[in-house]
Amino acid sequence: MISTRDLGGRLTALAACLAAALIGTALASAASPEAAGYMVEAHAALDKGDGIAAEAELRRALDAGADRAEVAAAMGDALMKQGALDKARDWLGQGQFAAGQESYGWRMLGRLERAEGNLPAAGRAYDRALQYTPDDGQLWVDIGRLRYAGGEQVQAVDAADHALALDPGNPRTLEFRGQLVRDQYGLAPALPWFEAGLARKADDLPLLGEYAATLGELGRAREMLKVTRHMLAIDPGNARALYLQAVLAARAGKTALARSLLRRTGHRLADVRAAMLLRGALELEAGNPNLAIDGLDRLVRMQPANAPARLLLARAAAVAGDRAQLFSAYPDELAGSPYLLTLQGRAQEDAGKRDLAAPLLARADAGASAQPRPVGERQDAGTLAADWAETPGRIGNGVPYVRKLLGSGNLALAGEIVEKLRAANPGSADVQAVAGDVRLLQNDAAGAIERYRIAARVRVTSDLVGRMALAFDRAGQSRAGDNLVEAHLAASPADPHLGRLAAGRAARRGDWTRARALLEYLALGAPRDPGLIGALAEARLRTGDKPGAEQAAAAAYALRRDSAALTRAYAAMASAEAAALLSAKANQF
């Protein structure tokens, strides 16, 4: 990996040379100087991301005598920037590009195929482009993105490194490498890559968007807001800037403002997963649970492994009184979530079924299990097995099938299938992660660590960190698990899941000062989480702050009066008279 200092010292004339090459090609090939001038303007507009202006200039070039083949690649690029994929195919699909434009045209066709989910066709188009420009850094970035989308994440990193070696100053190369670094190492290590790209092209909207999003996840809200305002100054109505500002507003509790900002994006983020999740949360907060259910149910069908979306959907179903949604969307293999168990238990109570509610609430009160919970799959095992038999080795079929097998306890078949998946897709982080889950549930901690490490070379999520730490614990290497969690928390300090994980592990090893510091910070963002506030009460007590402990315990008890554990915790910290009353209440559970 090159350092930030290296990046800053490698400012060359590559960008100027590329622009000159494009202009020279246009002047040499266009039917007239007038047409060539329009094409130069079109490329300038494309460089700014303005597909509408580029299309207008290209049509002027056609009117001035330019040949269709001379504008086909750029027209396809312009139309894709507008989201008009069908129209772009009219220009790119025939593969007819003028001399000097072949690589550009095939690369655009590859990008179009990738956007439409035709990954093998995209690969063939990129292969054609490589025949003309095998050392084009931008082409290797596109190849890397294709590999990533296709589950070849390890190979995607190789492509990014190759692109960086070919063209170290290209903003698109730096953007892609920064995204991969963020996946691999966390938020903070990615910032220098985005900053290096912006040092070369300060008004680059994709880079600004990645930079702003990363700042926001790091909790640097003021800096994020400044960057998004710059984005809107460049492109009024920029959808990503508006979305990021909506996130900031939502975090500040300004629901009406957040909804207003998100509405201004129109339909441009209709299929963006993060925006779908935010929209669902905002509709729920605004008192529209049925609208929230509509969007969140669609998101969960698109991403069954999205745990925040599943639990938010459960919350929306509970608020709407939709018991069918609350129970049918969450099969037995998901029943380890204390939050979900609480929602389901209270729903049973509301229905007058206290006999069914009691065991659910008791399990919720016991807290989260240390056993990894497989992701629930809505499809039945027979359908998943048939899909696997039809296309064995395909990630999209194999991973859900393995999850279903894990949920049903069929570890032997899950192990057999996942090893076939690994053989067919050795570079897939998703496959390696689920293979680690299989090993962990088979009580093979060393094997789980090995597979988790392979997955972590490409993409590390807070959930994966937790599973790896659990595997280290079971292998008798708890210190390694602690170090792993702390390292990832340092890279992503605002991640609440990592914060809770680190706090729990600190408490377990008796470092109550560290546990309390983490819990105090987490409580600022989740003041109505009874489990979190209850844990903070114990941490305060352990560090000698009895008044603070009693205050936190009272707050937790007020939020969850039906919890025997929280009632006993409050009783242990309250005055003698209150303790006697609360202890009697706890014994009623």
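All values below come from the heavy atoms of this structure, side chains included, with hydrogens, waters and symmetry mates left out.
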How close do [X] and [Y] get, heavy atom to heavy atom, and via which atoms?
X: Tyr148; Y: Arg459; result: OH-NH1, 3.1 Å
X: Ala320; Y: Asn290; result: CB-OD1, 3.7 Å
X: Val247; Y: Leu278; result: CG2-CD2, 3.8 Å
X: Ala475; Y: Ile449; result: CB-CD1, 4.0 Å
X: Leu326; Y: Gln344; result: O-NE2, 3.4 Å
X: Leu312; Y: Gly280; result: CD2-C, 4.1 Å

Atom pair [atom1] ([X]) and [atom2] ([Y]), whose distance is rounded to the nearest 0.5 Å:
X: Glu486; Y: Leu518; atom1: CD; atom2: CG; result: 6.5 Å
X: Asp444; Y: Arg474; atom1: CG; atom2: CZ; result: 11.5 Å
X: Leu166; Y: Gln138; atom1: CG; atom2: CD; result: 11.5 Å
X: Ile143; Y: Tyr126; atom1: CD1; atom2: OH; result: 8.0 Å
X: Arg240; Y: Leu244; atom1: CZ; atom2: CG; result: 6.0 Å
X: Leu405; Y: Leu441; atom1: CG; atom2: CG; result: 12.0 Å

Regarding [X] and [Y], does a basic nitrogen lie under 4.0 Å from an acidic carboxylate oxygen?
X: Arg508; Y: Asp473; value: yes
X: Glu285; Y: Arg315; value: no
X: Lys81; Y: Asp77; value: yes
X: Asp167; Y: Arg172; value: no
X: Arg279; Y: Glu283; value: no
X: Glu113; Y: Arg124; value: no
X: Arg439; Y: Glu450; value: no
X: Asp437; Y: Arg451; value: no

[X] vs [Y] side-chain heavy atoms within contact, under 4.5 Å:
X: Gln153; Y: Gln432; result: no
X: Leu313; Y: Asp297; result: yes
X: Tyr185; Y: Val460; result: no
X: Asn397; Y: Glu390; result: no
X: Met276; Y: Leu296; result: no
X: Phe97; Y: Leu92; result: yes
X: Val272; Y: Tyr243; result: no
X: Arg500; Y: Leu519; result: no

Say whether, by atom type as modelled, one donor and one acceptor occur between the side chain of [X] and the main chain of [Y] under 3.5 angstrom.
X: Thr173; Y: Leu164; result: no
X: Arg505; Y: Ser478; result: yes
X: Asn425; Y: Leu421; result: yes
X: Thr461; Y: Leu464; result: yes
X: Arg251; Y: Gly216; result: yes

Exercise for the section: Report the C-alpha distance between Asp135 and Trp140 in whole Å, list the side-chain angles of each, state the deciding distance to 0.1 Å, and finish with yes or no for side-chain contact (heavy atoms from CB on, under 4.5 Å). Expected result: CA-CA 8 Å; Asp135 295 329; Trp140 278 99; 5.6 Å; no
Problem - Chi angles and distances behind the side-chain contact (heavy atoms from CB on, under 4.5 Å) call for Arg220, Leu191 - result: CA-CA 12 Å; Arg220 294 161 62 174; Leu191 287 178; 3.3 Å; yes
Exercise for the section: Start with the C-alpha gap between Val431 and Val399, add the side-chain angles, then the distance that decides, and say whether side-chain contact (heavy atoms from CB on, under 4.5 Å) holds. Expected result: CA-CA 7 Å; Val431 170; Val399 170; 4.1 Å; yes
Handout entry: Over 12 non-hydrogen atoms of neighbours within 6.0 angstrom of CD in Gln82
Key = yes
Practice task
Carefully, step by step, assess Tyr132 and Arg107 under the rule side-chain hydrogen bond (donor to acceptor under 3.5 Å, both in side chains).
Solution key: CA-CA 11 Å; Tyr132 295 96; Arg107 181 164 60 85; over 6 Å; no
Exercise for the section: Give me the ring orientation class for Trp388 and Tyr401: parallel if the planes are under 30° apart, tilted from 30 to 60°, perpendicular past 60°. Expected result: tilted
Handout entry: From CA spacing to verdict: side-chain contact (heavy atoms from CB on, under 4.5 Å), Arg177, Leu180
Key = CA-CA 5 Å; Arg177 199 64 188 91; Leu180 292 175; 3.5 Å; yes
Practice task
Could you give me the CA-CA distance, side-chain angles and deciding distance for Glu217 and Arg182, then say whether salt bridge (charged side-chain N to carboxylate O under 4.0 Å, His left out) is met?
Solution key: CA-CA 11 Å; Glu217 289 303 311; Arg182 188 171 57 197; over 6 Å; no
